[in-house]
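Take a look at the structure set out below.
For the numbers below, each heavy atom of this structure counts, side chains included, while hydrogens, waters and symmetry mates do not. All ligand and atom numbering here is 1-based and tracks the order in the structure.
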Amino acid sequence: MNDRVALVTGGASGIGRTSALALAKAGARVAVADTDASGANDTARSIEDEHDTEALAVEADVSEAEDVQHMVAETVERFGRLDAAVNNAGLESTKARLADYDEADFDRMIDVNLRGVFLCMKHELRQMTTQRDDKDRAIVNVASALGTVAFREKSAYVAAKHGVIGLTKSAALEYAGENIRANAVSPSFIETSMQMRTGTLLRPEQLDEVTSLHPLGRFGQPAEVAQAIRWLASPEASFVTGAALPVDGGYTAQ
Ligand code: NAI
């Protein structure tokens, strides 16, 4: 990733933070965007402390078009281009069966987890298509195992993540002619603060139940997702586009 510029949304925490650090370790200059400005700053500082590269923190809400436009513009103003974009920012679902699912919760989930990815891709692609060189450029969206299979009482999250895979495949077709690849990663349950908030990691019964859904017999780690993201974002994956790569310990293989 030397000489490449990467942008990671939701980079203050979990999979986003770990991916930003992995991209920096591979040599990229990295813009870290998040609603959590202090967390984004912290990731940017860690990148510059730990790796021989530059980082930028941007406060942005991916569900706000103006913020997203500004996020891409600030990245390009600082680093001159955009080669790899990781659209990772997302929220966990509230739990309810579909008939009882709160409409405001549904709207918020679609706004951040689906429309947010659409807005990011829109502005990232606008920038990437202006770069008229033959460098490989890549978008990596963070979908979910729940982008291909359902999970009870999480219909809005499941619908949003299925949509993310649809957006990914659409962009792969539409921008292949301009040497821009679009892929998704589909993690299952990963040990991050998101899973702490849903309580899955804290309730032994639920932990056992969810663990048993993984043939590898455990939750994943953020670094295991970050390595897949780093690979898809890099020219090493130059013939891979339109894929949704499971990083799920076999969760969706059964
Ligand atoms: P996390 O909660 O540790 O990190 C999410 C980050 O996104 C936070 O820093 C948060 O401030 C930021 N964020 C939330 N809403 C935002 C918005 N509107 N604009 C900008 N930033 C925003 O969660 P985690 O687990 O690292 O999740 C990252 C992505 O991975 C999400 O898209 C999530 O749906 C997906 N995922 C997570 C799995 C898990 O088990 N942890 C499994 C499958 C997918």
Side-chain angles (χ1 to χ4, degrees), residues 7-22 31-44 46 57-72 85-94 107-120 123 140-151 154 156-165 167-168 184-201 206-207 210-211 213-214 218-226 228-229 244-249 251-252:
L7 165 66
V8 180
T9 70
S13 164
I15 294 168
R17 177 181 161 86
T18 315
S19 300
L21 282 152
V32 181
D34 209 293
T35 43
D36 172 2
S38 104
N41 268 316
D42 189 67
T43 302
S46 298
V58 187
E59 183 174 357
D61 180 339
V62 296
S63 65
E64 297 289 338
E66 266 184 35
D67 279 21
V68 173
Q69 196 169 0
H70 171 254
M71 167 185 88
V72 173
V86 179
N87 298 315
N88 159 80
L91 294 175
E92 65 276 17
S93 178
T94 50
D107 288 347
R108 182 75 187 135
M109 182 56 56
I110 297 300
D111 255 7
V112 175
N113 286 15
L114 180 57
R115 191 165 172 278
V117 173
F118 160 72
L119 289 172
C120 289
H123 291 284
V140 183
N141 293 326
V142 180
S144 169
L146 307 191
T148 47
V149 296
F151 194 91
K154 291 190 178 188
Y157 186 90
V158 168
K161 293 297 188 180
H162 274 70
V164 168
I165 293 178
L167 288 173
T168 307
V185 289
S186 297
S188 58
F189 288 75
I190 309 298
E191 270 184 44
T192 67
S193 52
M194 179 179 281
Q195 291 301 345
M196 293 299 283
R197 286 194 301 276
T198 59
T200 317
L201 293 171
Q206 209 180 346
L207 184 61
V210 175
T211 302
L213 296 171
H214 296 74
R218 62 177 177 85
F219 276 46
Q221 295 300 319
E224 295 176 303
V225 184
I229 290 172
L245 177 66
V247 186
D248 67 1
Y251 185 99
T252 52

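Salt bridge annotation for Arg218-Glu224: present, with a cationic side-chain nitrogen under 4.0 angstrom from a carboxylate oxygen. For Arg17 and Asp42, the salt-bridge test passes: some basic side-chain N is under 4.0 Å from an acidic carboxylate O.
Contact between His123 and Val68 at its shortest, heavy atoms only, is CD2-CG1, 3.8 Å. Nearest heavy-atom pair, Asn113 versus Ala160, reported as atom, atom and distance to 0.1 Å: CB-CB, 3.8 Å.
Between the OG1 atom of Thr200 and the CD atom of Gln206 there is a distance of 4.5 Å, given to the nearest 0.5 Å.
In this pair, Phe189 and Phe151 present their aromatic rings tilted. The plane angle is within the 30 to 60° band.
Within 4.0 Å of ligand 1, contacts by protein heavy atoms are made from Gly10, Ala12, Ser13, Gly14, Ile15, Asp34, Thr35, Ala60, Asp61, Val62, Asn88, Ala89, Gly90, Leu91, Val112, Val142, Ala143, Ser144, Tyr157, Lys161, Pro187, Ser188, Phe189, Ile190, Thr192, Ser193, Met194, Gln195, Arg197.
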